[in-house]
Number of protein chains: 2
Amino acid sequence: MQASATAQQDAPSARQQAVLDAVLGLMVEDSEQLTMDAVARRASCSKETLYKWFGDRDGLLTATVRWQASRVHAGHDAAQVLDGATLRERLQDFAVTWLEVITGPTSVALNRIAIAHAGSRKSNLGGIVLANGRFAIGERVKPVLEAGRAAGLLAFADSEAAFRTFFGLVGRDIQIRLLLGETLDLDGVGIRRDAGRAVEQFLALYGRAKPDPNHQT
Amino acid sequence: MQASATAQQDAPSARQQAVLDAVLGLMVEDSEQLTMDAVARRASCSKETLYKWFGDRDGLLTATVRWQASRVHAGHDAAQVLDGATLRERLQDFAVTWLEVITGPTSVALNRIAIAHAGSRKSNLGGIVLANGRFAIGERVKPVLEAGRAAGLLAFADSEAAFRTFFGLVGRDIQIRLLLGETLDLDGVGIRRDAGRAVEQFLALYGRAKPDPNHQT
DNA sequence: CGCGTACCGTACGGTACGGTACGCTACTTC
DNA sequence: GAAGTAGCGTACCGTACCGTACGGTACGCG
């Protein structure tokens, strides 16, 4: 038996992706009835195929988390030259993207599953979500911060600490409230407003020069 | 049948509190095996008693969350007169307390349970945790902020928005990382340092007068 | 002493779900 | 067209766990 592509790191086939999308759909609709039978029914495949492809239930969940993570990475290419307006714009982009991700129903459902499984030792779903969420965006934001520092626009000693402050200013209590079941309705306008406020606050804390005096709070 | 005190709002008896503490212990140790049998064994009581007292499994979990919540409220009395040093100290106290709570293993375990159940309609564990965590501390911090504004020390339009910024500066990514299974070791020193940094950043954003120029970052 | 009450320990029923086995169909390959 | 294979649908097994029932014990009370 050539134990199934997706159990390892390989990319899932189109059919397998359809199965994983079915899992995501069930997660969002009602994570309670996320059973192997339900997945097989939703994906119109047999349970035997599920087990052949993904090993066991944890393998299926892990593959689903990886699959969703692989779709989030819409990469921005770093601009080398960085003036104040560009820096603000880049930070705003990151903040908007991050808020859109964490407020999305898929992210909420996925984080709930990962958190629920984080108590047990096996099946490191929490680690995968962290690596592809919090840490992935950190690794993308920190170079921007450091470029801002190199351009004399920002002042900080530890880029990790600076990013964590940015993270807190952007997310605040939103994610925990959503995870605990509150239904915040944040539309695109609200997200952009929140992101803008966070960026202004971050620049107020870490900004060195005032690159663009005509900004709105 | 006089359906059991704890199913309603009444305070649990001493014996019932022991049962709820057993539940908390099991949650912290291994939330996977949080079964009615395990609770009965741990608490040295019969399952029949559990069902008589708490109705069903959700009732037991709800009573446990309420029980834990009832222990967190160590009330600070508000000081009426507020100078800069006192304001900073009060905020520091809140930040330290909050960080101690969310980094504690009981809080992590409880939040995991509540988040896992937040997907389903019945048994509003998430709402209870939110009400006694995030919103309870908000209701205690906002009067302090408003007193600070009344004393001319702070400037903000919306105390809720100001508190949410404070919340974000204090918590940053700590709670989500803990919930997702990362083991951050924050001792008392680290917590106080984090809290101090958050307070200074908050005052830098919202402070009006500079009450004490000799502070360390 | 007899009775009711409260509770412990344990055994049992029902069920849901993870995982496996098997029959069948359709498609590829020689 | 025969053989092999991938995969669907379904039936099945074992087990874990929720919820209940039952026997046994201690204690208060008339």
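Below, read A as the first sequence line, B as the second, and so on, with proteins coming before strands; counting in each chain starts at 1.
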Rounded to whole Å, how long is the line connecting atom [atom1] of [X] with atom [atom2] of [N]?
| X | N | atom1 | atom2 | answer |
| --- | --- | --- | --- | --- |
| B/Gln33 | D/dC18 | CD | P | 12 Å |
| B/Leu61 | D/dG19 | CG | C1' | 15 Å |
| A/Arg57 | D/dT15 | CZ | C1' | 15 Å |
| A/Glu32 | C/dA16 | CD | C1' | 13 Å |

| Nearest nucleotide by nearest heavy atom, which residue falls closer to the 5' end of DNA chain C, B/Leu50 or A/Met36? |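 Its nucleotide being nearer the 5' end, the pick is B/Leu50.
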
| Can a donor-acceptor pair be found between the side chains of B/Gln201 and A/Tyr206 at a distance below 3.5 Å? |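 Per modelled atom types, B/Gln201 and A/Tyr206 side chains form a pair under 3.5 Å.
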
| task | Before accepting this row, confirm whether a basic side-chain N of the pair A/Arg134/A/Glu160 lies closer than 4.0 Å to the acidic partner's carboxylate O. | result |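 Yes.
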
| Check ion pair B/Glu29-B/Arg42 (N to O, under 4.0 angstrom) |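 Salt bridge: yes.
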
| What is the distance from atom CZ of A/Arg192 to atom CG of A/Asp187, rounded to the nearest 0.5 Å? |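 Taking CZ in A/Arg192 and CG in A/Asp187, the distance rounds to 8.0 Å.
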
| Of A/Phe167, A/Phe156, A/Phe166, which meets ring pair (Phe, Tyr, Trp, His ring centres under 6.0 Å) against A/Phe202? |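 Of all the options given, the one that passes is A/Phe166.
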
Give me the distances for all protein-to-nucleotides 8-11 of chain D N/O pairs that come in under 3.5 Å?
residue, atom, partner, partner atom, Å
D/dC8, OP1, A/Arg15, NE, 3.3
D/dC8, OP1, A/Arg15, NH2, 2.9
D/dC8, OP2, A/Ser46, N, 3.3
D/dC8, OP2, A/Thr49, OG1, 3.0
D/dC8, O5', A/Ser44, O, 3.4

| field | Nearest non-hydrogen partners of A/Lys47 and A/Met36, listed with the distance | value |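 Looking at all heavy atoms of both residues, the closest pair is CG-O, 4.0 Å.
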
| Taking the side chain of B/Thr35 as its heavy atoms from C-beta onward, which of C/dG19, D/dC17, D/dT20 lies nearest to it? |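 Selected nucleotide (nearest to the side chain): D/dC17.
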
